[in-house]
Student: 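Have a look at this one.
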Amino acid sequence: MVSDYVTFYLALSAVLFGIGAFGVLVRKNSIIVFMCIELMLNAVNISLVAVSKGLGLLDGQVYVFFVMAVAAAEAAVGLAIIMSVFRTHYSINLEDVGGLKG
Amino acid sequence: MLVAMLVFGVLTIASAIGVVAFPKPLHSALSLVATLFFVAVHFLLLGAEFLATLQILVYAGAIMILVVFVIMLLGLDVQSKNNFSGINSMLALLFCLFFSVLTIFIVTNDKKLVAEGKSYTAVFSESVVQKELSKEDATVEKVGELLFSKYLYPFEVASILLLVAIIGAVVLAQEKKRGIPKGHGLKAKQQIS
């Protein structure tokens with residue numbers, strides 16, 4: 001059921017996801033964290049397309065279509081939030097906006 | 001085809017590391033644009049040309065332009081004094097390495113591959129891509145058929161989601177008339193204090 005190139009693409013997707021997760025955990029700049037989230041979404045897109053190709057279906061590509069639509073919506077709202085945070089705190093460093101920290 | 005897969009795979013990983021490692025946000029954004037282009041090439045290698053086009057138009061085109069606009073308009077292109085050497089960075093690196101290695105281990109030990117005797121080398125073995133991508137019909141019509149028949153309900157919900165996102169972005173980006181000075185950034189902050 002799972003062919004060879006599917007394995008390669010699943011491995012590539014895992015590595016990209018790991019790199020994106022590392023970026024989200026380590027970087028302190030909000031916009032770079034947002035970009036690493038997009039990187040993780042793209043890793044999942046690769047694995048969806050590869051497995052749907054391996055199974056001979058096209059449903060995975062439709063899923064990727066919806067993931068892209070959600071990512072576009074998230075980009076618009078997320079960047080608007082970053083702009084609002086910058087307006088009040090004058091900084092987008094994640095260490096400076098810790099007002100909710102207990 | 002296998003050579004193309006490997007070469008673009010290495011390039012994708014290199015530009016993804018660039019996204020995480022560059023200190024300036026703009027270099028990181030350009031590195032992400034490169035990563036998205038390489039992901040589009042992978043979509044092409046997998047025979048999904050509709051998605052490759054969408055990837056370049058929507059992701060690398062629209063979303064990244066939005067990000068670059070925000071970086072440049074807010075003046076955020078400052079070098080961050082990021083050091084990857086604290087204990088938190090080490091723990092994060094350990095966790096992500098563990099996750100990636102575990103996933104690769106699971107993926108290359110598929111039961112069928114183990115039965116055929118090629119478990120760890122399955123990642124680099126002969127690709128069947130060559131004979132399957134030779135005569136493909138265009139995916140645009142087929143994906144469109146699926147989208148409007150089987151996934152019609154998610155399609156309509158996605159359009160409502162985009163409407164909500166547009167309204168949300170416009171509401172969030174409005175200026176509140178409460179006493180925030182006309183300029184933004186460091187100069188305005190110095191005006192207040």
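Letters go in sequence order (proteins before strands), and every chain restarts at 1. Computed over heavy atoms, backbone and side chain alike; hydrogens, waters and symmetry mates excluded.
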Student: Looking only at heavy atoms, which two atoms of A:A76 and B:L66 are closest? And how far apart?
Tutor: CA-CD2, 4.1 Å

Student: Apply side-chain contact (heavy atoms from CB on, under 4.5 Å) to B:I167 and list each qualifying residue two or more places apart in sequence or on a separate chain.
Tutor: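 With sequence neighbours excluded, B:I167 shows a side-chain contact (heavy atoms from CB on, under 4.5 Å) to B:L163, B:V171, given in chain and number order.
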
Student: Within this structure, what is the CE-CG distance for the pair A:M68 and B:L51, rounded to the nearest 0.5 Å?
Tutor: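 If I round to the nearest 0.5 Å, the distance is 5.0 Å.
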
Student: Counting distance only, does the side-chain N/O of A:S84 pair as donor-acceptor with the main-chain N or O of B:L172 below 3.5 Å?
Tutor: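 Flag set: sc A:S84 to bb B:L172 pair under 3.5 Å.
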
Student: Distance from B:S89 atom OG to A:F22 atom CZ, nearest 0.5 Å?
Tutor: 5.5 Å

Student: In Å, rounded to the nearest 0.5 Å, how long is the span from NE2 of B:H42 to CG of A:L12?
Tutor: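 Interatomic distance, B:H42 NE2 to A:L12 CG, rounded to 0.5 Å: 5.0 Å.
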
Student: Hydrophobic cluster mates of B:V157, side-chain heavy atoms under 4.5 angstrom, ILVMFWY only, any path?
Tutor: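 Grouped by the 4.5 Å side-chain rule, B:Y153 form the rest of the cluster around B:V157.
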
Student: Once you round to the nearest 0.5 Å, how far does CZ of A:F34 lie from CD1 of B:I63?
Tutor: 6.5 Å

Student: Between atom CG of B:L46 and atom NZ of A:K53, what is the distance when rounded to the nearest 0.5 Å?
Tutor: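 With rounding to 0.5 Å, CG (B:L46) is 7.5 Å from NZ (A:K53).
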
Student: Under 4.5 Å heavy-atom distance to chain A, tell me which part of B:F155 shows up: side chain, backbone, both or neither.
Tutor: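 Both parts, backbone and side chain.
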
Student: Would B:Y151 and A:F65 count as a ring pair (Phe, Tyr, Trp, His ring centres under 6.0 Å) if you check the C-alpha gap in whole Å, the side-chain angles of each, and the deciding distance to 0.1 Å?
Tutor: CA-CA 11 Å; B:Y151 295 101; A:F65 180 85; over 10 Å; no

Student: Side chain, backbone, both or neither: which part of B:F95 has a non-hydrogen atom closer than 4.5 Å to chain A?
Tutor: side chain

Student: So which part of B:T12 gets closer than 4.5 Å to some heavy atom of chain A, the side chain, the backbone, both or neither?
Tutor: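 For B:T12, heavy atoms of backbone and side chain both lie under 4.5 Å from chain A.
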
Student: Within the structure provided, determine whether B:L45 and A:Y9 are in side-chain contact (heavy-atom separation under 4.5 Å).
Tutor: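 When only atoms from C-beta onward are counted, A:Y9 and B:L45 do touch, with a gap below 4.5 Å.
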
Student: At a 4.5 Å cut-off on heavy atoms, which part of A:E74 comes close to chain B: side chain, backbone, both, or neither?
Tutor: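 Contact with chain B: none, neither part.
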
Student: What part of B:A21 gets within 4.5 angstrom of chain A, counting heavy atoms only: side chain, backbone, both, or neither?
Tutor: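 Just the backbone, heavy atoms under 4.5 Å.
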
Student: If I compare all heavy atoms of A:N29 with all of B:P25, which pair ends up nearest, and what's the gap?
Tutor: ND2-CG, 3.2 Å

Student: Taking atom OG1 of A:T7 and atom CD1 of B:I104, what is their separation to the nearest 0.5 Å?
Tutor: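 Nearest 0.5 Å value for the OG1-CD1 distance: 11.5 Å.
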
Student: Considering non-hydrogen atoms only, spot the tightest contact between B:V20 and A:R27 and give its length.
Tutor: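 So the two residues come closest at O-NH1, 2.6 Å.
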
Student: Using a cut-off of under 4.5 Å on heavy-atom pairs, state which of B:V58, B:L147, B:I166 scores highest against chain A.
Tutor: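 Option with the greatest count: B:L147.
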
Student: Would you mind checking which part of B:I13 comes under 4.5 Å of any heavy atom in chain A, side chain (CB onward), backbone (N, CA, C, O), both or neither?
Tutor: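 Contact with chain A involves both backbone and side-chain atoms of B:I13.
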
Student: Do you know which of B:F69, B:Y59, B:F22, B:F50 has the most heavy-atom pairs with chain A at a distance under 4.5 angstrom?
Tutor: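 Counting heavy-atom pairs under 4.5 Å, the top option is B:Y59.
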
Student: Heavy-atom distance under 4.5 Å to chain B: side chain of A:I19, backbone, both or neither?
Tutor: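 Looking at A:I19, backbone and side chain both touch chain B.
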
Student: Please evaluate residues B:L6 and A:F8 with respect to the criterion side-chain contact (heavy atoms from CB on, under 4.5 Å), reporting the C-alpha separation (whole Å), side-chain torsions for both, the decisive distance (0.1 Å), and the verdict.
Tutor: CA-CA 9 Å; B:L6 284 176; A:F8 170 76; 3.6 Å; yes

Student: Can you tell me which portion of A:I81 sits under 4.5 Å from chain B's heavy atoms? Options are side chain, backbone, both or neither.
Tutor: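 Both parts, heavy atoms under 4.5 Å.
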
Student: Please tell me if the side chains of A:M35 and B:M64 come closer than 4.5 Å, counting only heavy atoms from C-beta onward.
Tutor: yes

Student: Pick from B:L54, B:L91, B:V101: which one has the most heavy-atom pairs with chain A under 4.5 Å?
Tutor: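 Winner by heavy-atom pair count: B:L54.
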
Student: Output the option from B:G86, B:A29, B:S31 having the highest count of non-hydrogen pairs under 4.5 Å with chain A.
Tutor: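 Max contact count across the listed options: B:A29.
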
Student: Begin with the C-alpha distance, continue with both residues' side-chain angles, and end with the deciding distance and a verdict on side-chain contact (heavy atoms from CB on, under 4.5 Å) for A:L39 and B:L32.
Tutor: CA-CA 8 Å; A:L39 188 55; B:L32 186 62; 4.3 Å; yes

Student: Between B:L102 and chain A, which part of the residue has a heavy atom less than 4.5 Å away: side chain, backbone, both or neither?
Tutor: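 For B:L102, no heavy atom lies under 4.5 Å from chain A.
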
Student: Could you check whether any side-chain heavy atom of B:V70 comes within less than 4.5 Å of a side-chain heavy atom of A:I31, counting everything from C-beta outward?
Tutor: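 With C-beta onward as the side chain, the pair touches.
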
Student: Are B:L30 and B:F37 connected into the same hydrophobic cluster when the rule is that any two of I, L, V, M, F, W, Y join if their side-chain heavy atoms are below 4.5 Å apart?
Tutor: no

Student: With hydrophobic residues grouped by side-chain heavy-atom distances under 4.5 Å, do B:M72 and A:M83 end up in a single group?
Tutor: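 B:M72 and A:M83: one cluster.
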
Student: Heavy-atom pairs under 4.5 Å with chain A - which of B:T103, B:L146, B:L73 has more of them than the others?
Tutor: B:L146

Student: Ignoring hydrogens, what is the shortest heavy-atom contact between A:G18 and B:S100? Give both atom names and the distance.
Tutor: CA-OG, 3.5 Å

Student: Against chain B, label A:L58 side chain, backbone, both or neither, depending on which of its atoms sit under 4.5 Å from a heavy atom there.
Tutor: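 For A:L58, the contact with chain B is made by backbone and side chain together.
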
Student: Please assess B:Q55 against A:N45 for the test side chain to side chain donor-acceptor pair (under 3.5 Å), listing each intermediate value before the final yes or no.
Tutor: CA-CA 10 Å; B:Q55 171 89 0; A:N45 283 355; 4.6 Å; no

Student: Relative to chain B, which segment of A:I46 carries a heavy atom at a distance below 4.5 Å: side chain, backbone, both, or neither?
Tutor: both

Student: So which part of B:T35 gets closer than 4.5 Å to some heavy atom of chain A, the side chain, the backbone, both or neither?
Tutor: side chain

Student: At their closest point, which heavy atom of B:A16 faces which heavy atom of A:L16, and how far apart are they?
Tutor: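 The answer is CB-CD2, 3.5 Å.
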
Student: Under 4.5 Å heavy-atom distance to chain A, tell me which part of B:A92 shows up: side chain, backbone, both or neither.
Tutor: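 For B:A92, backbone and side chain are both near chain A.
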
Student: Counting only heavy atoms closer than 4.5 Å, note whether A:V70 contacts chain B via side chain, backbone, both or neither.
Tutor: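 Both the backbone and the side chain of A:V70 come within 4.5 Å of chain B.
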
